[in-house]
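Letters A, B, ... mirror the listed sequences (proteins, then strands); counts begin at 1.
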Number of protein chains: 2
Amino acid sequence: MANSPGKKLTLEQVARLAGVSRATVSRVVNNPASVSPEYRARVEKVIADTGYQPNLAARSLASRRSGIIGLIIPSVTEFVFADPYYPILIEGISRACNLHDLTLTLFLFNSQDDQERLYRRALGTGLLDGVIVTADKLVDPLIPELIARQIPAVYVGRPPDSSQTSYVDVDNVSGAYVATSHLIRLGYERVATITGPMDSTAGIDRRAGYIKALQERGRKVDENLIVEGDFSLDSGYAAMRQLLLHRPDAVFAASDTMAFGAIRAIREAGLRVPDDVAIIGFDDLPPAMRFDPPLTTIRQPVRRNGMLAVEVLLELLEMGPHPPRHLILTTELVIRSTCGGILESGPGGSPRQQPVEGSFSDQRS
Amino acid sequence: MANSPGKKLTLEQVARLAGVSRATVSRVVNNPASVSPEYRARVEKVIADTGYQPNLAARSLASRRSGIIGLIIPSVTEFVFADPYYPILIEGISRACNLHDLTLTLFLFNSQDDQERLYRRALGTGLLDGVIVTADKLVDPLIPELIARQIPAVYVGRPPDSSQTSYVDVDNVSGAYVATSHLIRLGYERVATITGPMDSTAGIDRRAGYIKALQERGRKVDENLIVEGDFSLDSGYAAMRQLLLHRPDAVFAASDTMAFGAIRAIREAGLRVPDDVAIIGFDDLPPAMRFDPPLTTIRQPVRRNGMLAVEVLLELLEMGPHPPRHLILTTELVIRSTCGGILESGPGGSPRQQPVEGSFSDQRS
DNA sequence: CTTTTTTCTGAGAGCGCTCTATGAAAAACC
DNA sequence: GGTTTTTCATAGAGCGCTCTCAGAAAAAAG
């Protein structure tokens, strides 16, 4: 009896059934505290009996709040879903949405041509309360658009210009630094890296962390040991083949998926991991643990990132844009089997990172 | 100049700027043919100059059409994204949405508790023009709900009761039949199967295809050679370990992911694929090709399925529910390296399936 | 017991758009 | 040239909800 009215019930009818005015029903729905107990009970009974649910379009038109947020992933889908990263991010976002009774809309584009229409659809119709955008590209036409239209937005990953944009990111520089330091500490001499795309901030930051670690240890940076990938398996494979020409004994791959590709290339060259070449990844998505051999990597809290993005967006929605929020989560070194772990407990304290998954620093810029 | 009006433009204002009535602007937006060329040009110019875009909430309230559809995946997300199946399905759906200028909302639930609230949110607010639902579970409280509320819906995968429900599916029985027949034809004697969950139609149908193939060849069905999995890697691994007790020489796994788990179990037992145990999967998602050794499997057009689901939904939206539509796509045997392919060209014609990816049968029930 | 303050409900004006009914102008017909 | 059709823009009534404002009733104060 709680539902299935042939025709949809309106506020008006509920009001009539309860013998009150429309405004009162609206109030019990949106702010029960403002209605006297008797009236509230009366209305609530009718709502329970009829299974009344407000019409979102009408509510949204009148209140300019829809409870709908958008997730915009400005990359072509084939690329997007080649990696478990995005599904897990989506899972996190969706979880937080469920927690807050938000509805999630998804804007993926399948070809570059979709982009313009998609953005119009997402941003122009005024339906979305706000958006979460993944910072995939260094050149992002979306940022000025979002600012001009004054649409609350939170980036996942550091956007190219963060002066007016809130974001949630992991500390990529430090993660890469830790990864590279780990390799150096284990005694490897020729530590190479397969970077992410140089048109993404994540790619740039992780490369910077690699170089920082090298320099701090007084190693010189050899450009031959730096090859650019695009986070995909194939690019990891190709990059590794190129790297092999220069005989690295350890490699920091800027994503797990590229690490898998690299391992394949290493094996095809008749070499072994980690005996001949050690390798460390970045991400620690589920396949890393299951891979054979299990991958040593830098864990980033992707799901958590997604959830926090929603929280920050909600904050923006309530408090207005004000100073943009920047949340940086820490990463964690996860030692498994691809770096040859024997030497790892050197003198002078454990090199093992503290798991600090829950913590994060909150810095405003 | 095409956008960034500080305050959002309304139809009203566009009408004023163009010196026409609101109704006229509305008509050029929705049905340009019904407006005389001069007026149309005048209005279109203003729209182009101002970058006007109609407010979705208002439009949806007045016309009862939002251009938004929902994708409901009635499984817990951790499970959902453990497999590349869903991301690829989403990609297909999203592609078709872009093609038709539809907006996609995503309803995932992260715990069983979400379910009720999620369904209310998805179905009760009247915002969605229709929904696509994945037929994951045999017991689906959604179907009666959808019928009662008269919400246009298309299932991906055969729903438990299809008498009133449209769906798009692949021919699971025939796919499993082909897979099993392939194994038999190659000369394997003890052909086992790792089934999908028995509370899903896909699991049931693929099991049925396996049994049908066995029976048609006069093989007797040995219950010891049938173990139930849940499409996950771990379940494939566990199922295979159990199967190994009964010395199968070939296995049909009802999903690629389970096949990967099974292969791991086989190797851990000191056996080789395909020399000691042949294995064939189902899905042919990207990892199948990249796996070492590349997996022989049954290809199902997942992306295409997603796109067609949208097309069918659109049809429903335009034509009304009428007789439910049932679209069954065919599968295709993809021979790679896990079945020992040498014997495959037996006498009496090639056992290789015709690739028929593009075709599908359209049967109404 | 009257006045002031507080608490709540109801009336009513939108939110921005669609769509039917209406009527004016243009085209077609006799 | 007058009448009937056809074409096409406009007026205006909603769609279902929120929210401000005013006023009635109840509580507090004098």
Side-chain angles (χ1 to χ4, degrees), chain A residues 5 7-44 46-47 50-68 121 123-129 149 317, chain B residues 5 7-44 46-47 50-68 121 123-129 149 317:
Chain A
K7 231 60 228 138
K8 243 312 198 156
L9 219 60
T10 70
L11 232 211
E12 178 82 50
Q13 306 178 46
V14 172
R16 197 150 33 225
L17 287 172
V20 301
S21 72
R22 259 182 5 255
T24 301
V25 178
S26 177
R27 261 187 247 114
V28 333
V29 169
N30 297 301
N31 181 16
S34 68
V35 179
S36 67
E38 317 131 75
Y39 274 72
R40 194 193 316 155
R42 191 136 48 102
V43 173
E44 276 169 349
V46 174
I47 291 180
T50 58
Y52 166 75
Q53 277 188 266
N55 176 301
L56 223 209
R59 177 196 281 232
S60 159
L61 176 59
S63 70
R64 355 222 78 239
R65 268 291 213 116
S66 65
I68 303 179
R121 190 144 53 72
L123 274 27
T125 59
L127 189 75
L128 266 34
D129 288 347
R149 299 187 190 246
L317 255 33
Chain B
K7 231 59 227 133
K8 245 305 198 162
L9 220 59
T10 70
L11 232 210
E12 179 82 49
Q13 306 178 45
V14 172
R16 197 150 33 223
L17 287 172
V20 301
S21 72
R22 253 177 17 250
T24 301
V25 178
S26 176
R27 259 185 273 112
V28 335
V29 169
N30 297 301
N31 181 16
S34 68
V35 179
S36 67
E38 318 130 77
Y39 274 73
R40 195 192 316 155
R42 191 135 48 103
V43 173
E44 276 168 349
V46 174
I47 291 180
T50 58
Y52 166 75
Q53 278 188 265
N55 175 301
L56 223 208
R59 178 196 280 232
S60 160
L61 177 59
S63 70
R64 352 220 84 241
R65 269 294 211 114
S66 65
I68 303 179
R121 190 143 52 73
L123 274 27
T125 59
L127 187 76
L128 267 34
D129 287 347
R149 299 187 191 244
L317 255 34

ask   = Do A:Arg27 side-chain atoms and A:Val35 backbone N/O form a donor-acceptor pair below 3.5 Å?
value =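 No, A:Arg27 side chain to A:Val35 backbone: no donor-acceptor pair under 3.5 Å.
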
request  = Determine yes or no for a side-chain-to-main-chain donor-acceptor pair under 3.5 angstrom, with A:Lys8 supplying the side chain and A:Tyr52 the backbone.
outcome  =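 No, the answer is negative, given that no donor and acceptor are paired below the 3.5 Å cut-off.
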
Would a 4.5 Å heavy-atom cut-off, applied to side chains only, mark [X] and [Y] as touching?
X        : Y       : value
B:Leu128 : B:Ser66 : no
B:Val29  : B:Arg59 : yes
A:Val28  : A:Ile47 : yes

Value in whole Å for how far the [atom2] atom of [N] lies from [atom1] of [X]:
X        : N      : atom1 : atom2 : value
B:Leu56  : C:dC15 : CG    : C1'   : 14 Å
A:Asn31  : D:dC17 : CG    : P     : 17 Å
B:Gln53  : C:dG16 : CD    : C1'   : 14 Å
B:Leu127 : D:dC15 : CG    : P     : 19 Å
A:Asn55  : D:dG16 : CG    : P     : 7 Å
A:Leu11  : D:dG16 : CG    : P     : 10 Å
B:Glu38  : D:dA9  : CD    : P     : 8 Å
B:Arg64  : D:dC17 : CZ    : C1'   : 12 Å

Are OP1 or OP2 of [N] and a side-chain N or O of [X] less than 4.0 angstrom apart?
X       : N      : value
B:Tyr52 : C:dG16 : no
A:Arg59 : C:dC15 : no
B:Asn30 : C:dT18 : yes

key: Residue pair A:Gln53, A:Leu9: steps toward the side-chain contact (heavy atoms from CB on, under 4.5 Å) verdict   = CA-CA 8 Å; A:Gln53 277 188 266; A:Leu9 219 60; over 6 Å; no

request  = Apply the test side-chain contact (heavy atoms from CB on, under 4.5 Å) to residues A:Asn55 and A:Leu11: give CA-CA distance (whole Å), side-chain angles for both, the deciding distance (0.1 Å), then the verdict.
outcome  = CA-CA 9 Å; A:Asn55 176 301; A:Leu11 232 211; over 6 Å; no

ask   = Of the nucleotides D:dT18, C:dT18, C:dC17, which has the atom closest to the B:Ser63 side chain?
value =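 Nearest nucleotide to the side chain: C:dT18.
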
ask   = Out of curiosity, B:Leu127 CG to B:Arg64 CZ, how far, rounded to the nearest 0.5 Å?
value =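 Output value for this atom pair is 11.5 Å.
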
Please enumerate all protein N or O atoms sitting under 3.5 Å from an N or O of nucleotides 24-27 of chain C, with distances to 0.1 Å.
none

message = If the condition is salt bridge (charged side-chain N to carboxylate O under 4.0 Å, His left out), which residues does B:Arg22 pass it with, not counting sequence neighbours?
response =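 Salt bridge (charged side-chain N to carboxylate O under 4.0 Å, His left out) list for B:Arg22, sorted by chain: B:Glu12.
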
Listing time: all N or O pairs from protein to nucleotides 6-12 of chain C that are below 3.5 Å?
residue	atom	partner	partner atom	Å
C:dT9	OP1	A:Ser36	N	3.2
C:dT9	OP1	A:Ser36	OG	2.5
C:dG10	OP2	A:Ser21	N	2.9
C:dG10	OP2	A:Ser21	OG	3.1
C:dG10	OP2	A:Thr24	OG1	2.7
C:dG10	N7	A:Arg27	NH2	3.1
C:dG10	O6	A:Arg27	NH2	3.0

